[in-house]
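Since the model is a prediction, treat every value here as computed from it, not as a measurement. Side-chain atoms are counted along with the backbone in the values below, which use heavy atoms only and exclude waters and symmetry mates. Counting starts at 1 for both ligands and their atoms, following the listed order.
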Amino acid sequence: MGSIDTVLFELRTFEPSRTFAAEAHIGNRLEYDTIWRQAQADPVTFWEESARNITWFSRWKRPLIWKEPYAQWFEGGTTNAAYNCLDRHLKEGLGNKTAIIWEGEDGSSQNLSYQALFEKVCQLSNVLEVKFGLKPGDTAAIYMPLVPEAIIAMLACARIGVVHSVIFGGFSGPAIRDRVQDAECKVILTADVGYRRGQEIELLKTIDSVMPEMPTVQNVLVLKRKTDTVLKEKHSDWNLLVDQEAKTHFPKPFDSEHPLFLLYTSGTTGKPKGIIHSTGGYLVGVSTTAKWIFDLKTTDVFWCTADIGWITGHSYVVYGLLSHGATIVLYEGAPFHPHPGRFWEIVDKHKVSILYTAPTAIRAFMRAGDEHPRKYQLSTLRLLGSVGEPINPEAWMWYHTEIGRGRCPIVDTWWQTETGCILISPIPGVTTTRPGSATKPFPGILADVVNEEGKSCSPNEGGYLVIKHPWPSMLRGIYKNPERYKEAYWTKFPGMYFTGDSAHRDDRGYFWIKGRVDDVINVSGHRLGTMEVESALVSHPAVAEAAVVGRPDPIKGQALVAFVTPRGDETKVSVKELVRELKEHVSREIGAIARPDEIKLTRTLPKTRSGKIMRRLLKDLAEGKEPTGDTTTLENQALIELIED
Ligand code: WTA
């Protein structure tokens with residue numbers, strides 16, 4: 001496997017502090033090693049025991065039915081995700097406990113108790129069932145800013161068995177249309193505007209711009225944040241409808257395998273895939289990992305900075321945390337607005353004890369300067385987490401020193417939209433960490449690194465990251481696309497789940513994740529398919545062909561570089577103008593996150609004789625390197641000619 005090299009060697013190690021270990025749920029290394037070994041030998045029993053942490057309406061008959069590539073977990077068991085996040089805490093007397101601390105960008109904040117959250121969810125469930133006639137198995141889209149109502153929307157759907165599809169608030173009209181139509185959503189829950197970087201984000205207008213192309217949508221429920229927003233046909237006023245409803249609602253039991261949500265994510269084709277997650281297995285996965293990896297206590301204030309539009313928001317803002325009756329922080333604004341110390345101000349103000357964020361944010365804070373976090377009291381922090389891409393050791397050390405003040409363990413958590421919950425991570429009270437390594441698989445997760453033939457690699461040999469046994473929160477398929485599900489995850493190595501990531505294991509068995517081996521790249525912790533951006537580019541009338549590659553970026557992890565061949569010999573406008581127009585075009589088609597950082601106009605694209613674009617060569621060019629490696633299969637031998645003004 002010459003193509004995957006091991007480049008990262010990091011020798012610094014950090015032991016869990018004695019004080020942290022003494023108070024941790026899991027603080028005894030010997031005991032943990034025993035649990036871990038038993039779970040690796042018998043994952044099903046481990047997960048069956050973990051399943052006791054959630055409330056079931058009826059107990060399962062069989063813990064796992066595995067017919068590759070389809071798993072059913074806790075077959076015959078019934079539960080309700082919203083019940084687990086709300087009702088059961090009220091029964092335990094936690095009604096007055098704060099569930100959500102919401103912070104607006106302007107500094108306003110609002111606390112919502114479990115009792116208040118419960119009532120709001122019940123009212124909305126009633127609206128969806130009675131006013132809109134939604135039935136279990138129907139789908140609804142949620143396109144909302146980070147306000148408590150976004151979580152209320154998810155839980156209300158879950159309560160009545162409606163499958164939610166949360167669409168990130170930064171996506172544009174065409175991206176919403178594609179997702180809503182693929183999932184055949186009957187209802188969209190949204191707000192008129194969101195607030196970010198001091199600006200209004202026009203969510204409702206974005207939806208309206210594609211309403212005629214979404215025939216399945218019968219109702220749009222609008223949270224009005226501005227009094228002068230005018231509602232049109234198919235729109236209903238959220239507050240008006242909700243206020244007419246009772247504050248109670250009977251939660252129906254759903255089969256463990258009943259789909260809880262769809263979440264669209266990028267793959268290697270131009271079309272995003274609707275990842276399906278189940279109810280019972282998903283809840284078991286997220287609640288168990290939340291407790292062990294974040295060492296969650298009843299007194300914690302947990303802030304995961306992800307948007308609910310991504311899996312991290314689903315699992316570790318909403319379901320994993322609320323299922324424990326935890327107090328979470330939700331911040332609507334941008335990290336640097338209105339000043340570079342905003343995050344640390346929030347940690348200080350709300351006494352955050354656990355912070356979970358992405359390497360791209362950590363690197364941006366690092367660049368902004370140490371003086372910003374130093375202005376604030378960060379003494380309530382006791383644990384830090386990282387997710388979304390490999391964290392480089394420098395950023396890890398900065399996070400440890402400047403934010404954790406040398407006191408807080410760091411959990412570098414590896415997982416994916418498809419895995420539902422964290423699969424590789426330190427357990428903070430027992431694992432010795434090494435900056436840049438996600439360390440070891442969670443108990444019951446049989447992760448391995450294999451070579452092209454599917455054989456386990458030797459220590460320090462690079463290969464493909466795979467999972468060799470099903471786990472409860474694994475995806476149940478791709479919506480309406482069983483073929484793609486098999487092809488993407490179960491074909492490369494029969495009997496193993498293929499993650500699409502490359503990795504190596506060191507001689508202590510620690511995993512070091514390098515990044516994607518397919519045409520998916522991680523930009524600012526968000527997954528983007530290069531094909532998606534390419535399709536958006538070629539949909540512009542001036543573009544004949546496009547190829548998009550990733551280039552390492554000191555802040556974003558990877559930056560998007562597009563090579564574009566314009567139609568015709570000459571471009572009508574100047575190169576600069578066309579480049580600007582194409583960047584705008586991609587933002588309009590997908591959203592600002594997909595906007596290429598650089599566009600190079602070329603007369604041709606390098607192709608093999610069979611017509612495949614040679615991305616490897618483009619990658620070298622994007623990085624400003626001389627193309628390396630074998631180019632003998634290159635059809636148009638002449639090097640790519642850039643068109644410049
Ligand atoms: C990458 C995000 C290294 C990886 C939860 C994976 C990571 C993709 C880590 C999934 C990590 C996530 N170290 N790489 N700790 N966490 N990744 O679906 O490439 O948005 O395949 O899920 O992010 O991205 P997704």
For atom 3 (C) of ligand 1, what's the nearest protein heavy-atom neighbour? Residue, atom name and distance, please. Pro390 N, 3.1 Å
Would you mind listing which atoms of ligand 1 come within a distance below 4.0 Å of any non-hydrogen atom of Val387? 5 (C)
Quick check, are the ring centers of Phe498 and Tyr489 under 6.0 angstrom apart? no
Is Thr417 close to ligand 1, meaning an N/O of one under 3.5 Å from an N/O of the other? yes
Do any nitrogen or oxygen atoms of Asp501 come within less than 3.5 Å of a nitrogen or oxygen of ligand 1? yes
Just to confirm my output: which protein heavy-atom neighbour is closest to atom 24 (O) of ligand 1, and how far is it? Arg527 CD, 3.2 Å
Suppose we call two aromatic rings close when their centres sit under 6.0 Å apart. Are Tyr143 and Phe171 close by that rule? no
Aromatic ring proximity, centroids under 6.0 angstrom, His314 and Tyr319: no
Report yes if the side chains of Pro443 and Trp292 come closer than 4.5 Å at any heavy-atom pair, otherwise no. yes
Are Gly500 and ligand 1 in contact, using a heavy-atom cut-off of under 4.0 Å? no
If the contact criterion is a heavy-atom separation under 4.0 Å, does Trp415 count as touching ligand 1? yes
Just checking Trp310 against His526, ring centres under 6.0 Å apart? yes
Which atoms of ligand 1 are found less than 4.0 Å from any heavy atom of Thr413? 9 (C), 11 (C), 15 (N), 16 (N)
Check Glu623 with Lys625, please: is the shortest side-chain N to carboxylate O separation under 4.0 Å? yes
Counting neighbours of CZ on Arg367 that are heavy atoms of other residues, nucleotides or ligands and sit closer than 6.0 Å, is the number greater than 12? no
Quick one: look at Ile424 and ligand 1, take heavy-atom pairs under 4.0 Å, and tell me if it's side chain, backbone, both or neither. neither
Between the side chains of Glu487 and Lys492, is the shortest nitrogen-to-carboxylate-oxygen separation below 4.0 Å, so that they form an ion pair? no
With backbone taken as N, CA, C and O and side chain as the heavy atoms from C-beta onward, which portion of Thr312 lies under 4.0 Å from ligand 1: side chain, backbone, both, or neither? side chain
Would you say Thr499 and ligand 1 have an N/O pair spaced under 3.5 Å apart? no
Considering only heavy atoms, which of Ala358, Ser425, Gly388 lies nearest to atom 17 (N) of ligand 1? Gly388
Charged N to carboxylate O below 4.0 Å: is that the case for Glu332 and Arg196? no
For the residue pair Phe14 and Trp396, is the inter-centroid distance of their aromatic rings smaller than 6.0 Å? yes
Between Phe336 and Phe365 (judged by ring centroids, cut-off 6.0 Å), do the two rings come close enough to count as a pair? yes
What part of Gln416 sits under 4.0 Å from ligand 1 if we count only heavy atoms: the side chain, the backbone, both or neither? both
N or O contact, Glu418 vs ligand 1, cut-off under 3.5 Å: no
Can you name the atoms of ligand 1, numbered from 1 with element, that are less than 4.0 Å from a heavy atom of Ile513? 3 (C), 14 (N)
Just to be sure I read this right, does ligand 1 sit under 4.0 Å from the backbone of Ala438, its side chain, both, or neither, counting only heavy atoms? neither
Which part of Val520 is near ligand 1, with near meaning a heavy atom under 4.0 Å away: side chain, backbone, both or neither? neither
